[in-house]
Amino acid sequence: MFPACAVRLRALHILRAPRGGVLPPAGERRAAQKLFSSEKVIHKDRSLPNSSWNSDLKLMFDQFMKKCEDGSWEHLPSYGSRSSQIVQYFKEVFLETKLRKDEQMLSQARLFTRSYEDGLGFEYVMFHNEQEKRTVCFCQGGPYLQGPPGFLHGGSIATIIDETASMTAIIAGGIVMTVNLNINYKRPIPLCSVVVINCQVDKIEGRKLFISCDVRSIDEKTLYSDATSLFIKLDPNKSLT
Ligand SMILES: CCCCCCCCCC(=O)SCCNC(=O)CCNC(=O)[C@H](O)C(C)(C)COP(=O)(O)OP(=O)(O)OC[C@H]1O[C@@H](n2cnc3c(N)ncnc32)[C@H](O)[C@@H]1OP(=O)(O)O
């Protein structure tokens, strides 16, 4: 089964029987639907090529889109404002009513990695291989992500690792959050170069998902960083706050 399909099915399954079989009250759901309808304004898939992409990023995009043709890999679209069913469910179940009512704040909310203008921050595209439980992300880190002069900030590297590992964990386990992320920074990453982040599920134990990642140059000769992370599947019966 393709992962996007798997995510949708999992979300539907959760929506059918959240909180031990009891749906959130209808009034609450209607209010949430009204609130979430504002998200429809933002639709641009930011994982598609734009004029800021360099030739390496375009090349990797084309190569992997070809690999998608036989169904072994799937391109994962990505939006500035996540509005999938799974996000809607997250907001309904895990976001405090007080926060959900703050429409202005929520309408301004953007996915951190998609909050920069084209080319200035994270330009990236992800592909998932369901059989290998593996996600690859090709990322070109722009000039606003500078740490040491000419190189990426370590926090921006952690961010794109966390985003790729999160997608891997969400596809495998549904609604999760990072509880631990360990990174070894081995070589600095030049600004505006393209790297490949490779994440895979190592182990699932109950609610825990163990993910490992590495960050390499696209010719795979340079290992920039490696990381392990732990995700916990959220319990709909426990409050987040
Ligand atoms: C729309 C879909 C969702 C999109 C998500 C995108 C995610 C993007 C990535 C992120 O940015 S996530 C944001 C950063 N992470 C957080 O803010 C998480 C903060 N942590 C928490 O809120 C809670 O830890 C959490 C709700 C995730 C879990 O709390 P619980 O009370 O449900 O779990 P609990 O504390 O019982 O732990 C469950 C198990 O995990 C273990 N555990 C928890 N934290 C651990 C840790 N840090 N290291 C090792 N083990 C840990 C814990 O010992 C236990 O093991 P056992 O089941 O064996 O007893």
Side-chain angles (χ1 to χ4, degrees), residues 3-16 18-20 24 29 32-33 35-36 38-40 42 45-47 76-96 98-100 105-107 109-116 121-122 124-126 128 133 135 137 139 145 153-183 197 199-213 215 225 227-241:
C5 237
V7 170
R8 271 195 297 277
L9 281 176
R10 194 171 293 113
L12 277 172
H13 175 73
I14 296 165
L15 276 169
R16 256 186 240 127
R19 290 187 181 134
R29 291 211 312 275
Q33 275 157 4
L35 167 63
F36 301 137
S38 60
E39 291 181 341
K40 287 182 187 137
I42 301 146
D45 181 357
R46 301 280 308 270
S47 71
L76 304 178
S78 166
Y79 303 91
S81 175
R82 284 171 165 159
S83 59
S84 62
Q85 216 166 358
I86 200 163
V87 170
Q88 188 160 323
Y89 173 74
F90 182 94
K91 287 178 175 173
E92 282 187 51
V93 175
F94 296 107
L95 209 59
E96 298 284 320
K98 193 162 53 111
L99 269 173
R100 266 192 272 147
M105 182 277 290
L106 280 184
S107 70
R110 293 288 175 276
L111 181 63
F112 179 32
T113 48
R114 294 298 188 192
S115 58
Y116 295 88
F122 302 92
Y124 65 94
V125 56
M126 291 188 201
H128 182 78
K133 303 269 176 254
T135 307
C137 171
C139 180
L145 305 183
H153 194 289
S156 70
I157 299 167
T159 298
I160 197 65
I161 290 174
D162 195 23
E163 184 62 16
T164 313
S166 297
M167 284 307 297
T168 315
I170 288 169
I171 289 167
I175 299 182
V176 298
M177 272 192 170
T178 321
V179 294
N180 184 268
L181 175 60
N182 272 300
I183 302 176
I197 299 128
C199 290
Q200 65 182 40
V201 179
D202 289 339
K203 194 170 52 166
I204 300 178
E205 275 176 4
R207 293 170 59 209
K208 297 181 211 167
L209 290 97
F210 297 82
I211 310 285
S212 59
C213 304
V215 184
S225 302
T228 53
S229 52
L230 175 61
F231 289 83
I232 304 291
K233 211 173 161 173
L234 299 191
D235 179 346
N237 298 307
K238 275 190 184 174
S239 166
L240 276 180
T241 52

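Heavy atoms only: backbone and side chains are in, while hydrogens, waters and symmetry mates are out. Note that the coordinates shown come from a computational prediction; the quantities given were computed from them, not determined experimentally. Read the numbers this way: they start at 1 and go in the same order the structure lists the ligands and their atoms.
The shortest N/O to N/O separation between Lys238 and ligand 1 falls below 3.5 Å. Residue Arg207 has at least one nitrogen or oxygen atom sitting less than 3.5 Å from a nitrogen or oxygen atom of ligand 1, judged on distance alone.
Among Ser166, Gly206, Ala165, the residue whose heavy atom sits closest to atom 7 (C) of ligand 1 is Ser166. The residue among Thr159, Asp162, Leu240, Asn180 with a heavy atom at the shortest distance from atom 11 (O) of ligand 1 is Asp162. If you check each of Thr113, Ile86, Val179 against atom 27 (C) of ligand 1, the one with the closest non-hydrogen atom is Val179.
Residue contacts with ligand 1, taken as heavy atom pairs separated by less than 4.0 Å, involve Lys208 solely via side-chain atoms from C-beta onward.
Near Val87, the atoms of ligand 1 lying under 4.0 angstrom from a non-hydrogen atom of the residue are 1 (C). Atoms of ligand 1 found under 4.0 Å from any heavy atom of Leu230, numbered from 1 in the order shown, are 48 (N), 49 (C), 50 (N), 51 (C). Those atoms of ligand 1 with a heavy atom of Leu234 less than 4.0 angstrom away are 26 (C), 27 (C). Taking every non-hydrogen atom of Val176 and a distance limit under 4.0 Å, the qualifying atoms of ligand 1 come out as 5 (C).
Between Phe90 and Phe94, the two ring planes are tilted [angle within 30° to 60°].
For the pair Phe210/Val201, no side-chain contact is recorded, criterion being any heavy-atom separation below 4.5 Å from C-beta on. Using a 4.5 Å heavy-atom cutoff, the side chains of Val176 and Ser166 are not in contact.
Listed by chain and number, the residues in a side-chain contact (heavy atoms from CB on, under 4.5 Å) with Ser212 are Gln200, Asp202, Thr228 (sequence neighbours excluded). Checked against salt bridge (charged side-chain N to carboxylate O under 4.0 Å, His left out), Arg114 has no partners two or more places apart in sequence or in another chain.
Arg110 contributes a side-chain N or O that, together with a main-chain N or O of Ser107, makes up a donor-acceptor pair within less than 3.5 Å.
Between the NZ atom of Lys233 and the CE atom of Met177 there is a distance of 15.0 Å, given to the nearest 0.5 Å.
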May I have the step-by-step check of side chain to side chain donor-acceptor pair (under 3.5 Å) for Ser47 and Ser78, ending in yes or no? CA-CA 5 Å; Ser47 71; Ser78 166; 5.8 Å; no

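Between Ile232 and ligand 1 there is a heavy-atom distance shorter than 4.0 Å.
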